[in-house]
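Worksheet: the structure to be examined is printed underneath.
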Amino acid sequence: MSKLDTPSRIDKYDTAGPRYTSYPAVPFWENSPLPHEKWVSTVERNISESNSQDISVYIHLPFCESLCTFCGCHKRITKNHTVEKPYVDALIKEWRNYKTILKGSTEIKELHLGGGTPTFFSADELFRLMSALFNKQEVNPNEVELSFEAHPNNTSEEHLTKLYHFGFRRLSLGVQDYNPEVQKAIHRIQPFEQVKKVHDFARIVGYTSISHDLIFGLPKQQMKDIISTVERTLELKPERISLYSYAHVPWIKGNGQRGFDESDLPIGNEKRALYEVSKQMLLEADYLEVGMDHFALKTDDLAIAFQKKNLHRNFMGYTTQKTKMMIGLGMSAISDSWYGFAQNEKHVEDYLFRVNNGDIPIFRGHILSELDTEIRKHILALMCHFETVFSDKSPYTEVHILIKKRLSEMVSDGLVVIEGNTVKITKGGIPFVRNCCMAFDQNLNADNLPKKMFSRTI
Ligand code: SF4
């Protein structure tokens, strides 16, 4: 724990709050259902106003063979692999629908396969999907950044080889924690040797950026477990390491997050200490803390972008690609046209039905107001660079005054510094970045602080 993070300070700021993958946060989106034409008009506005043709694509592949009890994702548990083909067919259809809206005026610069478990799908199905999307058998990895989530238990040599040949150079491995007791509690058994096997083979094939995703605050996880997990991770020296806080939201995720006792969860100071010790180990091993929850070797693009203040964040996480539009394909995927958000149907059957009827299968979303767009910019800047600047020309100077007032306690606690129009999160304030963003959030006020809506900020 750093000197500044005294237990009382953690108690004070450990509250429920959004993770700000979008602003406004999803529970404050206003359009449910979101009419198709409204959403399309924001996509068209982006195309006509943007001076860049570059877009990002996120593809949600929802199937998993078994349920991990820590999981907060939209997934469908099944061992039946006949679901693969109709789902890939629907993704291709959905993309073709979008292409008519995008009118061929855009280029995919970045694409991520997430889930669920992308490697639930056979290498052949994934290859078929990619070649249909790009209308090619391979892409130039210097022109398009392709990445996928690899489940250590079912990523085969064929997956790694075929996707590499298509142009993939990045993958992320879901590690969580190596202690067998923790793995048993989260119902995800994957020994270090298994992760190492996939990691080493990816290196042999030629992947240049491997990320390991760790989680702190898991049931039964103790300090010795996270220390040993970080040590083992450092043995493999991935370019990037995510150190996510376990988000306990059983009221949203239902029985999936009830496979253990609440008393098994480290909380408050105990949980924060798991993060602080891990962070120290990573910094000592020459990783740079990049934005919230992320670390990268100083030579990695993400670290370089962070230092050059070029980092961007979207629904896929931190990225070096600054595209202003992201199209999400697949069940529950979220799209972002910069002027609006839209989420696809959350059930596989509803998604398939609507796509097969020729629809864009969105079911809810939000059209951003001018004020939303301004607040979104500030929150993005805080999340990526730990600082933001109010413009003198902004029509929202009264809102800025209110935000500064809301930040006064964080200023007194040494977590935030305000100099003129600049709001800066101090080194000691980094663990509290979500709390700082909450002061900017126009949907939150003292009477409306969320309780059972969001995970804890610390
Ligand atoms: S953590 Fe990943 S593999 Fe496990 S149930 Fe969730 S989406 Fe599936």
| request: Test Glu125 against Arg128 for salt bridge (charged side-chain N to carboxylate O under 4.0 Å, His left out), laying out the working first. | output: CA-CA 5 Å; Glu125 281 297 340; Arg128 179 168 78 89; 2.9 Å; yes
| message | Strictly by salt bridge (charged side-chain N to carboxylate O under 4.0 Å, His left out), give each pair with a member in residues 331-342 just once, sequence neighbours left out. | response |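 Qualifying pairs: Asp336-Arg376.
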| field | Check against side-chain contact (heavy atoms from CB on, under 4.5 Å), Leu311 and Val290 | value | CA-CA 9 Å; Leu311 199 63; Val290 174; 3.5 Å; yes
Does some side-chain heavy atom of [Y] sit less than 4.5 Å from a side-chain heavy atom of [X]?
X      : Y      : value
Asp441 : Ile375 : no
Asp213 : Leu243 : no
Leu61  : Ile59  : yes
Val417 : Glu387 : no
Gln183 : Gln190 : yes
Trp95  : Lys93  : no
Glu149 : Leu171 : no
Lys279 : Phe295 : yes

State whether the side chain of [X] and the backbone N or O of [Y] hold a donor-acceptor pair below 3.5 Å, judged by distance alone.
X      : Y      : answer
Asn314 : Met316 : yes
Thr106 : Ile55  : no
Ser211 : Ile241 : no
Arg434 : Pro18  : yes
His366 : Tyr339 : no
Glu138 : Gly167 : no
Lys271 : Tyr246 : yes
Thr320 : Asp301 : no
Thr233 : Thr229 : yes
Asn356 : Leu352 : yes

[Y]/[X] salt bridge by N-O under 4.0 Å criterion:
X      : Y      : result
Glu349 : Arg76  : yes
Lys109 : Asp54  : no
Glu193 : Lys197 : no
Lys427 : Glu289 : no
Glu239 : Arg203 : yes

| said: Show the nearest heavy-atom pair for residues Gln321 and His312, with the distance to one decimal. | reply: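 In terms of heavy atoms, the two residues are closest at O-CD2, 3.5 Å.
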| query | Do you know the tightest heavy-atom contact between Gly116 and His60? | reply |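 Taking every non-hydrogen atom into account, N-CE1, 3.9 Å.
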| Pairwise distance CD1(Ile227) to CG(Asp225) - rounded to 0.5 angstrom |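 Going from the CD1 atom of Ile227 to the CG atom of Asp225 covers 9.0 Å.
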| query | Can Leu368 and Phe341 be said to form a side-chain contact (heavy atoms from CB on, under 4.5 Å), step by step? | reply | CA-CA 8 Å; Leu368 276 81; Phe341 299 112; 3.6 Å; yes
| task | Take Ile92 and Arg96, measure what side-chain contact (heavy atoms from CB on, under 4.5 Å) needs, and give me the verdict at the end. | result | CA-CA 6 Å; Ile92 296 170; Arg96 290 193 177 137; 3.5 Å; yes
| request: With side-chain contact (heavy atoms from CB on, under 4.5 Å) as the test, would you mind laying out the steps for Arg313 and Thr21 before giving the verdict? | output: CA-CA 8 Å; Arg313 186 172 185 253; Thr21 38; 4.0 Å; yes
State yes or no: are the ring centers of [X] and [Y] separated by less than 6.0 Å?
X      : Y      : result
Phe63  : Tyr87  : yes
Tyr23  : Phe28  : no
His294 : Tyr318 : yes
Phe120 : His81  : yes
Tyr164 : Tyr207 : yes
Tyr13  : Phe432 : yes

| task | Using the salt bridge (charged side-chain N to carboxylate O under 4.0 Å, His left out) rule, take Lys85 and Asp89 through it: C-alpha gap first, then chi angles, then the decisive distance, then the call. | result | CA-CA 6 Å; Lys85 185 178 178 304; Asp89 289 344; 2.9 Å; yes
Does either side chain, that of [X] or that of [Y], offer a donor lying less than 3.5 Å from an acceptor on the other one?
X      : Y      : value
His378 : Thr388 : yes
Asn344 : Glu94  : yes
Thr119 : Asn154 : yes
Arg364 : Gln343 : yes
Thr42  : Ser337 : yes
Ser122 : Asp124 : no
Thr117 : Lys75  : no

| said: One pair to check against side chain to side chain donor-acceptor pair (under 3.5 Å): Glu110 and Thr319. What are the steps and the verdict? | reply: CA-CA 9 Å; Glu110 179 188 35; Thr319 161; 2.6 Å; yes
| said: Which residue is it: Arg170, His112, Arg169? I am looking for the one with a side chain to side chain donor-acceptor pair (under 3.5 Å) to Ser147. | reply: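 Of the listed options, the one satisfying the test is His112.
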Counting only heavy atoms not in [X], do more than 12 fall under 6.0 Å of its [atom1]?
X      : atom1 : value
His385 : NE2   : yes
Lys308 : NZ    : no
Ile267 : CD1   : no

| task | Identify, with sequence neighbours excluded, every residue that meets ring-ring contact (aromatic ring centres under 6.0 Å, His included) alongside Phe168. | result |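 Only Phe148 meet the ring-ring contact (aromatic ring centres under 6.0 Å, His included) criterion with Phe168.
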| query | Can Asn80 and Thr82 be said to form a side chain to side chain donor-acceptor pair (under 3.5 Å), step by step? | reply | CA-CA 6 Å; Asn80 174 6; Thr82 60; 2.6 Å; yes
| task | Classify the angle between the aromatic ring planes of Phe216 and Tyr275 as parallel (below 30°), tilted (30 to 60°) or perpendicular (above 60°). | result |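 Geometry flag for Tyr275 against Phe216: tilted rings.
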